[in-house]
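Remember, it's 1-based here, ligands and their atoms both numbered in the order they're listed.
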Amino acid sequence: MLDLKMINCTLADGRTGMDIGITDGRIVVLQPHLIAEAEQVIDAEGQLVTPPFVDAHFHLDSTLSFGQPRVNESGTLLEGIALWGELKPLLTQEAVIERALAYCDWAVARGLLAIRSHVDVSDPRMLVVEALLEVRERVKPYIDLQLVAFPQDGLLRTPNGLSHLIRALDRGVEIVGGIPHFERTMTEGAESIRILCELAAERGLQVDMHCDETDDPLSRHIETLAFHTQRLGLQGRVVGSHLTSMHSMDNYYVSKLIPLIKEAGVAVIANPLINITLQGRHDTYPKRRGMTRVPELMAAGVDVAFGQDCVMDPWYSLGSGDMLEVAHMGLHVAQMTSQTAMRDCFHAVTTNAAKILGLEGYGIAVGAKADLVLLQAKSPMDAIRLRANRLMVIRAGRVIARSPALFSLLNIEDRPEKIIFNDR
Ligand code: FE2
């Protein structure tokens, strides 16, 4: 007897009529026409069933703080950092925890069950670090939360920046972060990368660095990150996040750079919603889009994911934890409109992101964790087009969120199907 059986599922790879058998929180059978009985049966009615959404890049410490103590008037990264600096002395651990947990509730409702969050380690009080360590424990039953030690004010630019970051790692933050483009000089930025990569190598940790989040075509810290990754044997354990300067770089230089990134096994995370609004702010017209070169990186075989980055904070006043909204924006900004490219955008918020985060048991396969999302869509392309309704979110074989299906009440008698949004 199975715990749960989901029948008549369409999968992201195009298979239809698939049944999923679940026992003890794992997928134990995956086949059409599954006869075995189950305690609970869910009929997917031919809709798309996917593994959960994964956000490879987020800031859970600042989320939902929009308007505190004021809003970002210029819309730039630098004003956002200054504004966060104004807010930090006013934060309480309780308020950070409350906001982060509220966001996690939104995330669950959206089928977002794994998040890699950066946590600011520049403040010697370690208030936000302690807050997110507690949140990580509290959400464990339903969200896999990874934390990156992020020296927001600069590793070398902040007094005792390195010792604060090491304290955060000692407390249990598991990934080494960085922000080389915010150090005082290009040389100091490069030095920060060397120090941080050596620290990660010594401790056997991963690296996920904010890197070149600027429109400056000469901001080339990704080259240095790839170099130290290779020098220290960190291949497969390093991520360059944002990389927006690559948008503005000389094309010849990029033709050398992308193969270096691939050779070093560095993965890339782009944050389309944030970088389409933060970048190009000093341009008149034409205004640069500012997102890194996603299709070119993917074509070179680099692992690329999309992140949400910010929701209602000093950098971005919108957002809802909806990774389909992130994929939708990434698709538009990068003009990824072919059928294959649209599927790639879906992978950027699911399988690619899961691979970069190293999530165990992710996917729809026998032996995988029974973490699933039933979408009101028939294909990944449809899911992005509709930012599809999450009809059901399942964690370890248990339904943890539901949304009613969208349908029109008009002319309902005249239509063979009530659900008209995705029946073509
Ligand atoms: Fe970020």
- [ ] Compute the centroid of each ring, for His118 and then for His57, and state whether the two points are separated by less than 6.0 Å.
- [x]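 Judged by ring-centre distance (under 6.0 Å), His118 and His57 do meet the cut-off.
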TODO: Evaluate the ring planes of His242 and His210, with Trp represented by its six-membered ring, and classify them as parallel (under 30°), tilted (30 to 60°) or perpendicular (over 60°).
DONE: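 Answer is tilted, since the angle falls between 30° and 60°.
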Open item on the list: Looking at every heavy atom in both Pro295 and Met336, which two are closest together, and how far apart are they?
Closed with: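 Here Pro295 and Met336 meet closest at CG-CG, 4.0 Å.
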TODO: Measure across Ala149 and Val173 and return the closest heavy-atom pair with its distance rounded to 0.1 Å.
DONE: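 So the two residues come closest at N-CG1, 3.3 Å.
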Open item on the list: Quick check on salt bridge (Lys or Arg N to Asp or Glu O under 4.0 Å): which of Arg395, Arg116, Arg136 does Asp144 satisfy it with?
Closed with: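 For Asp144, the salt bridge (Lys or Arg N to Asp or Glu O under 4.0 Å) check succeeds only for Arg395.
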Could you pull out all donor-acceptor pairs under 3.5 Å where a side-chain atom in residues 92-103 meets a protein atom, sequence neighbours excluded?
| from | atom 1 | to | atom 2 | distance (Å) |
| --- | --- | --- | --- | --- |
| Thr92 | OG1 | Ala95 | N | 3.1 |

Open item on the list: Just to be careful: counting only protein atoms that are N, O or S, how many fall under 2.8 Å of the Fe ion (ligand 1)?
Closed with: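 If we list every protein N, O or S atom nearer than 2.8 Å to the Fe ion (ligand 1), we get 4.
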